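Counting from 1, the numbers follow the sequence of the chain as shown. Both backbone and side-chain heavy atoms feed into the values below; hydrogens, waters and symmetry mates do not. It should be emphasised that the depicted structure is a prediction, and the values quoted were computed from it without experimental measurement.
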Amino acid sequence: QVQLVESGGGLVRTGGSLRLSCAISGRAVDVAAMGWFRRAPGKEREFVATIDWSGITTYYADSVKGRFTVSRDNAKNMVYLQMNSLKPEDTAVYYCARRGTTTTSKSAWEYAFWGQGTQVTVSS
């Protein structure tokens with residue numbers, strides 16, 4: 001059984017930064033691609049970033065490209081999302097997710113395991 005636990009969310013002002021963490025347990029970490037998604041109030045869940053098993057290949061949503069960076073430390077069973085230059089429209093619950101394969105995906109339905117989410121609120 002895979003468990004994902006996000007942390008690092010909070011309240012920040014426009015232009016500020018946060019670093020989200022996702023702790024993974026229950027199964028080998030380094031063989032799975034990981035993703036970050038978010039759901040804003042009243043909106044559908046949307047893709048944010050994804051990283052392959054090695055940490056070499058990453059993809060981002062256009063809305064966060066150049067501001068967010070996804071990374072991983074397989075030795076520590078951790079995945080991170082560094083968020084800089086935050087905007088009010090980044091306000092959402094952020095979720096990390098694990099695929100069953102090593103390659104990246106932008107589609108939420110391709111991720112089998114999900115964390116409980118962490119709230120990020122950006123004030124204007």
Side-chain angles (χ1 to χ4, degrees):
Q1 184 72 14
V2 174
Q3 289 188 320
L4 308 175
V5 180
E6 302 95 335
S7 61
L11 174 65
V12 65
R13 291 186 175 181
T14 297
S17 298
L18 284 174
R19 187 195 196 204
L20 304 184
S21 299
C22 176
I24 311 158
S25 62
R27 196 173 289 185
V29 173
D30 59 355
V31 295
M34 300 293 295
W36 285 96
F37 294 79
R38 66 187 182 187
R39 187 192 299 272
K43 295 187 177 182
E44 298 290 321
R45 179 174 53 189
E46 65 173 354
F47 164 75
V48 175
T50 181
I51 185 168
D52 76 341
W53 69 276
S54 69
I56 294 174
T57 301
T58 59
Y59 293 102
Y60 299 90
D62 288 343
S63 59
V64 307
K65 201 172 295 182
R67 299 188 297 123
F68 289 13
T69 302
V70 60
S71 62
R72 65 191 300 161
D73 185 337
N74 289 341
K76 296 182 179 179
N77 293 353
M78 297 292 294
V79 178
Y80 306 99
L81 185 67
Q82 178 66 44
M83 305 186 297
N84 299 327
S85 302
L86 283 162
K87 306 175 181 179
E89 51 264 43
D90 294 318
T91 294
V93 177
Y94 284 72
Y95 301 89
C96 72
R98 182 188 185 276
R99 288 200 73 192
T101 67
T102 60
T103 55
T104 59
S105 173
K106 300 178 182 180
S107 300
W109 66 269
E110 292 188 338
Y111 289 80
F113 301 97
W114 293 79
Q116 83 290 347
T118 185
Q119 176 71 48
V120 171
T121 303
V122 184
S123 64
S124 57

Minimum side-chain heavy-atom gap [X]-[Y] below 4.5 Å:
X     : Y     : result
Thr14 : Pro88 : yes
Leu4  : Met34 : yes
Lys76 : Ser21 : no

Would you compute the distance between atom [atom1] of [X] and atom [atom2] of [Y] and round it to the nearest 0.5 angstrom?
X      : Y     : atom1 : atom2 : value
Ile24  : Met78 : CD1   : CE    : 8.0 Å
Gln119 : Leu11 : CD    : CG    : 9.5 Å
Leu81  : Phe37 : CG    : CZ    : 12.0 Å
Met83  : Thr69 : CE    : OG1   : 11.0 Å

Mind checking what makes salt bridge (Lys or Arg N to Asp or Glu O under 4.0 Å) contact with Lys43, not counting sequence neighbours?
none
Under a single-linkage definition using a 4.5 Å side-chain heavy-atom cutoff for Ile, Leu, Val, Met, Phe, Trp and Tyr, are [X] and [Y] assigned to the same hydrophobic cluster?
X     : Y      : answer
Phe47 : Val79  : no
Leu20 : Trp114 : no
Tyr95 : Val70  : no

Which salt bridge (Lys or Arg N to Asp or Glu O under 4.0 Å) pairs, counting each pair once, include a residue from [range], with sequence neighbours left out?
range            : answer
residues 6-17    : none
residues 62-71   : Asp62-Lys65, Arg67-Asp90
residues 103-124 : Arg99-Glu110
residues 14-26   : none

Compare every heavy atom of [Y] with every heavy atom of [X], then report the nearest pair and how far apart it is.
X      : Y     : result
Pro41  : Thr91 : CD-O, 4.2 Å
Ser54  : Arg72 : C-CD, 4.5 Å
Tyr111 : Ala33 : CE2-O, 4.3 Å
Val64  : Val48 : CG2-O, 3.6 Å

Quick one: side chain to side chain contact (heavy atoms under 4.5 Å, CB included) partners of Ser71, sequence neighbours excluded?
Tyr80
Checking the side chain of [X] only, and the main-chain atoms of [Y] only, is there a donor and an acceptor separated by less than 3.5 Å?
X      : Y      : value
Thr58  : Thr50  : no
Thr118 : Tyr94  : no
Ser105 : Ser107 : yes

Between Asp52 and Thr104, a side-chain donor and acceptor under 3.5 Å:
no
is_close_aromatic(Trp36, Phe68), centroid dist under 6.0 Å
no
Counting heavy atoms not belonging to Gln3, are there more than 12 under 6.0 Å from its CD?
no
